[in-house]
Q: 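This structure is in structure tokens; I'll ask about it shortly.
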Protein chains: 2
Amino acid sequence: MTQEDVSYKDKKVISIGIVSELTGLSVRQIRYYEERKLIYPQRSTRGTRKYSFADVERLMDIANKREDGVQTAEILKDMKKKEQALKSGQFKKKMLEGQINAHFRYKNR
Amino acid sequence: MTQEDVSYKDKKVISIGIVSELTGLSVRQIRYYEERKLIYPQRSTRGTRKYSFADVERLMDIANKREDGVQTAEILKDMKKKEQALKSGQFKKKMLEGQINAHFRYKNR
DNA sequence: CGTGTAAGGAATTCTGACACG
DNA sequence: CGTGTAAGGAATTCTGACACG
């Protein structure tokens, strides 16, 4: 994925009505999941919510879990755990890159 | 660019107000460029226009040309020319792939 | 030709609240 | 807990048209 593609995925430009169509969730449900801290839309100047494609995917993930009877508090916990794991993975990757760089610095001087 | 990224770029989900903010063009201008066949938004069930990121980029391109004094009819011509060139390039690429495939079919049988 | 604007109507979005369970 | 709904207001979007140039 290039940097430009990431910017598409994370750019908050979709209104709640479209998100509702895209996810099959009601507008009420989407607002409620925000209240429960599961999702963070951006607000436009005039206060309307704007979502990204990443948000839409996250909401579809939430919808699946809710269908399985998972409560929002539980979903929140799981998501935090996964974010933590992701950060940890990124950290490990950075460490590895550091070692590799050090290795080449050593070899090339 | 993966297939998924393409789907983000080309998915028509942005309302005209947001497109206006993103491009700096007035809503009136955006509608006018559609009238002149420079842009093709999708219509939602209730008739509102929906744009993709690709459309937004195309509009920014149009805006630049308009600033240089290029008329919409001229812009339309240029765009058609470029599309034609692109198709031609894709065609050449397909031909080449065909030759490569034929080559390997020959070698491997 | 390209763009602004007022007009009138329809649909969207927002918040806080009551309802049900 | 999770979701529907009616309420009232504000902002959006749509079309066809007149204006200016």
Side-chain angles (χ1 to χ4, degrees), chain A residues 11-53 55-81, chain B residues 11-53 55-81:
Chain A
K11 208 139 199 180
K12 309 247 180 179
V13 296
I14 316 176
S15 63
I16 198 166
I18 304 291
V19 172
S20 173
E21 283 178 25
L22 256 35
T23 59
L25 292 166
S26 71
V27 167
R28 179 69 167 101
Q29 286 174 309
I30 298 169
R31 291 200 192 108
Y32 181 69
Y33 299 151
E34 178 183 357
E35 194 182 315
R36 301 313 310 269
K37 313 282 187 190
L38 293 179
I39 195 93
Y40 294 93
Q42 197 174 287
R43 293 297 180 116
S44 74
T45 328
R46 51 201 185 282
T48 64
R49 293 168 176 83
K50 297 299 161 195
Y51 302 83
S52 66
F53 283 111
D55 291 331
V56 169
E57 287 180 11
R58 194 181 173 92
L59 281 166
M60 295 180 92
D61 199 51
I62 293 169
N64 285 332
K65 287 180 182 159
R66 283 291 304 129
E67 274 173 36
D68 294 345
V70 185
Q71 296 197 339
T72 57
E74 201 62 36
I75 297 173
L76 182 60
K77 267 189 219 167
D78 290 355
M79 282 181 165
K80 279 185 177 169
K81 223 177 277 174
Chain B
K11 209 141 198 178
K12 309 246 179 181
V13 295
I14 316 177
S15 64
I16 196 165
I18 304 292
V19 172
S20 173
E21 284 178 26
L22 257 33
T23 60
L25 292 167
S26 71
V27 167
R28 178 70 167 99
Q29 287 174 309
I30 298 168
R31 291 199 192 111
Y32 181 68
Y33 298 152
E34 177 183 356
E35 195 181 315
R36 300 312 310 270
K37 313 281 189 191
L38 294 178
I39 195 92
Y40 294 92
Q42 197 175 288
R43 294 297 181 117
S44 74
T45 328
R46 51 202 183 283
T48 65
R49 293 168 176 82
K50 297 299 161 195
Y51 302 82
S52 66
F53 283 112
D55 291 331
V56 169
E57 288 180 11
R58 195 182 174 93
L59 281 167
M60 297 181 91
D61 199 51
I62 293 169
N64 285 331
K65 287 181 183 160
R66 283 291 305 128
E67 275 173 35
D68 294 345
V70 186
Q71 296 197 340
T72 57
E74 201 62 35
I75 297 173
L76 182 60
K77 266 189 219 167
D78 291 355
M79 283 182 163
K80 278 185 177 169
K81 224 178 276 174

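Everything numeric in this text was worked out from a predicted model, so none of it was measured. Chain A is the first sequence line, chain B the second, and so forth, proteins listed ahead of strands; every chain is numbered from 1. All values below were derived from every heavy atom in this structure, side-chain atoms included, with hydrogens, water molecules and symmetry-related copies excluded.
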Q: Could you give the CZ-to-C1' distance, from A/Arg66 to D/dG2, as a whole number of Å?
A: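 The distance from CZ of A/Arg66 to C1' of D/dG2 comes to 6 Å, rounded to the nearest Å.
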Q: Please list all pairs passing the ring-ring contact (aromatic ring centres under 6.0 Å, His included) test where one or both residues lie in residues 11-53 of chain B, with sequence neighbours left out.
A: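 Applying ring-ring contact (aromatic ring centres under 6.0 Å, His included) to every pair that reaches into residues 11-53 of chain B, excluding sequence neighbours, yields A/Tyr8-B/Phe53.
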Q: Is the count of non-hydrogen atoms from other residues, nucleotides or ligands lying under 6.0 Å from B/Lys11 atom NZ greater than 12?
A: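 Atom NZ in B/Lys11 is not crowded, with 12 or fewer foreign heavy atoms closer than 6.0 Å.
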Q: If a protein heavy atom is under 4.0 Å from the base, mark B; if only from the sugar-phosphate, S; if neither, -; do that for nucleotides 6-20 of chain C going 5' to 3'.
A: -----SSSBB-----
Q: Does the pair A/Arg43 and A/Thr48 meet the rule for a side chain to side chain contact (heavy atoms under 4.5 Å, CB included), with working shown?
A: CA-CA 5 Å; A/Arg43 293 297 180 116; A/Thr48 64; over 6 Å; no
Q: Strictly below 4.0 Å: does A/Tyr33 bring a side-chain N or O up to OP1 or OP2 of D/dG2?
A: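 No, no such contact exists.
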Q: Take A/Arg58 and A/Glu34 through the salt bridge (Lys or Arg N to Asp or Glu O under 4.0 Å) test and state the conclusion after the steps.
A: CA-CA 12 Å; A/Arg58 194 181 173 92; A/Glu34 178 183 357; over 6 Å; no
Q: Is there a side-chain contact between A/Thr72 and A/Arg66, using heavy atoms and a 4.5 Å cut-off?
A: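 A/Thr72 vs A/Arg66: side chains touch.
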Q: D/dT3 P sits how many Å from A/Glu67 CD, rounded?
A: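 Distance check: A/Glu67 CD to D/dT3 P gives 11 Å.
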Q: Pairing check on D/dA6: which nucleotide meets the Watson-Crick or G-U wobble criteria with it, both distances under 3.5 Å?
A: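 The answer is none; no pair meets the criterion.
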Q: Do A/Ser20 and A/Val27 come within less than 4.5 Å of each other through their side chains, counting heavy atoms only?
A: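 Counting from C-beta outward, A/Ser20 and A/Val27 do come under 4.5 Å.
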Q: Over how many whole Å does the gap from A/Gln71 atom CD to D/dT3 atom P extend?
A: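 In whole Å, D/dT3 P lies 11 Å from A/Gln71 CD.
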Q: Between A/Tyr32 and D/dT3, does any side-chain N or O lie under 4.0 Å from OP1 or OP2?
A: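 No, outside the criterion.
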